[in-house]
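Notes for the one structure printed next.
Counting convention: from 1, in listed order, for ligands and their atoms alike.
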Amino acid sequence: MTEPNTTPISPKVKRPLVLLTGATGYIGSRLLPLVEQRNVRVRCLARTPDKLRPQAAESTEIAEGDVLDRHSLDAALTGVTTAYYLVHLMASSSDFEKQDREAAENFRAAAKKARVQRIIYLGGLGEEADPKLSAHLRSRHKVGKILRASGVETVEFRASVVIGNGSLSFDLIRSLTNRLPVMICPRWLATPTQPIAVADVLDYLLKALDLPAGESQVFEIGSSDVVTYGQLIREYARQRKLRRWLFSVPLLTPYLSSLWLGLVTPATAEVGRHLIEGLRNPTIVRDKKALDVFSIRPVGYRQAIEQALNESYKEGAG
Ligand SMILES: NC(=O)c1ccc[n+]([C@@H]2O[C@H](COP(=O)([O-])OP(=O)(O)OC[C@H]3O[C@@H](n4cnc5c(N)ncnc54)[C@H](OP(=O)(O)O)[C@@H]3O)[C@@H](O)[C@H]2O)c1
């Protein structure tokens, strides 16, 4: 078992520079304060620096840039030791796969040029060989492959639903359950998934900073519970004390269900549709290597939902 090296860095040694992309997003915004507490210098890449400034520590640099603009990446990656890639382009274009690819290629080239030592990326679970893999999950895998091809050591984590207040995929489940007492759902109600609490995802992302240098690796991460989306919905309803009836209708296609889901969920129709298409794909941890390499033991889905609800009560969401 390889425990991360947490030896403190001598003050005489120049502290490593960590670049965070996606710092305005769900995962990135939660990771930012945790990275800021480490003995490192922090730089964020943001399309709209003003949006990020209030959330960032004074010492954190903000580089204005866009992953689709290679030139801005060259500047942002200069001097960087470790770079987090926490970006997806589902919201920006209907051809998000092409844009995801372009963005990853830009990042790969700039990281290589800047001699970055490690890229840490959070992607998605799902069977690589599944011909019916949704475009979203396929694109997440492709991005990992492109980053690895940089020759820069890439640590890729693959997760399914990240359970937390504000997480796109969890919000989809929450809005559905909050708003619809009776749900007519397609087959995806029975699709198995292995969700993970956001706190555990952040723990993995942070500990990846301390891994000893080595080869690129892919870590599949999830709680110990394999559940169906139906079970997730029922458990959420149970904890919220909501009475819900779920009916499975095999003929309702993911496309049709995305249309009605669009009416009840806060995600934009475009993003919601891409996520929903992925609900038909099992997202299960097959390779359990993460449990050997890290000492993290993710909480089960019930506790993860409880944590998300507590967080949402604190933040005034419901
Ligand atoms: N949430 C989940 O349940 C979940 C599950 C598994 C994996 N993941 C993975 O985790 C990563 C982060 O996801 P998230 O949930 O945090 O997503 P998110 O909340 O939608 O945030 C996306 C981030 O990407 C940034 N971005 C988008 N287009 C950009 C561009 N052209 N240039 C620079 N930045 C750009 C956004 O910045 P702006 O503020 O400028 O738009 C935002 O900070 C993704 O790789 C995702 O696949 C998430």
If you measure every N/O of [X] against every N/O of ligand 1, is any gap under 3.5 Å?
X	answer
G25	yes
Y121	no
L122	yes

Looking only at protein heavy atoms, identify the closest one to [atom] and say how far it is in Å.
atom	value
atom 14 (P) of ligand 1	I27 CG1, 3.9 Å
atom 5 (C) of ligand 1	S160 O, 3.1 Å
atom 4 (C) of ligand 1	V162 CG2, 3.6 Å
atom 35 (C) of ligand 1	V87 CG1, 3.7 Å

> What about Y204 and F219, are their ring centers closer than 6.0 Å?
Replying inline: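 Judged by ring-centre distance (under 6.0 Å), Y204 and F219 do not meet the cut-off.
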>> Less than 6.0 angstrom separating the ring centers of F107 and Y85, yes or no?
In response: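 Here the rings of Y85 and F107 have centres that are less than 6.0 Å from each other.
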> side chain to side chain contact (heavy atoms under 4.5 Å, CB included) between Q194 and E220: does it pass, once the steps are laid out?
Replying inline: CA-CA 10 Å; Q194 214 163 338; E220 300 187 349; over 6 Å; no
> Does the side chain of D66 pick up a donor-acceptor pair with the side chain of S72 at under 3.5 Å?
Replying inline: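 Judged by distance alone, the side chains do not pair up.
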> Do any heavy atoms of S167 fall under 4.0 Å from ligand 1?
Replying inline: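 True for this residue.
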>> Any heavy atom of R158 closer to ligand 1 than 4.0 angstrom?
In response: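 It does not, in that no heavy atom of R158 comes within the 4.0 Å cut-off of ligand 1.
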> Any idea which part of T48 is under 4.0 Å from ligand 1, heavy-atom wise: side chain, backbone, both or neither?
Replying inline: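 For T48, there is no contact with ligand 1 at all, from either part.
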> Counting only heavy atoms, which portion of M90 has something under 4.0 Å from ligand 1: side chain, backbone, both, or neither?
Replying inline: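 M90 to ligand 1: no contact under 4.0 Å from either part.
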> Considering only heavy atoms of L89, which atoms of ligand 1 have at least one such atom less than 4.0 Å away?
Replying inline: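 The list of qualifying atoms is 31 (N).
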Short N-O contact, [X] and [Y], less than 4.0 angstrom:
X	Y	value
R158	D287	no
E36	R41	no
D100	K142	no

>> As a quick check of understanding, evaluate side-chain hydrogen bond (donor to acceptor under 3.5 Å, both in side chains) for N165 and Y313, giving each step before the final call.
In response: CA-CA 9 Å; N165 183 34; Y313 295 142; over 6 Å; no
>> Quick test of your reading of the structure: of D100, T24, T21, whose heavy atom lies closest to atom 36 (C) of ligand 1?
In response: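 The option holding the nearest heavy atom is T24.
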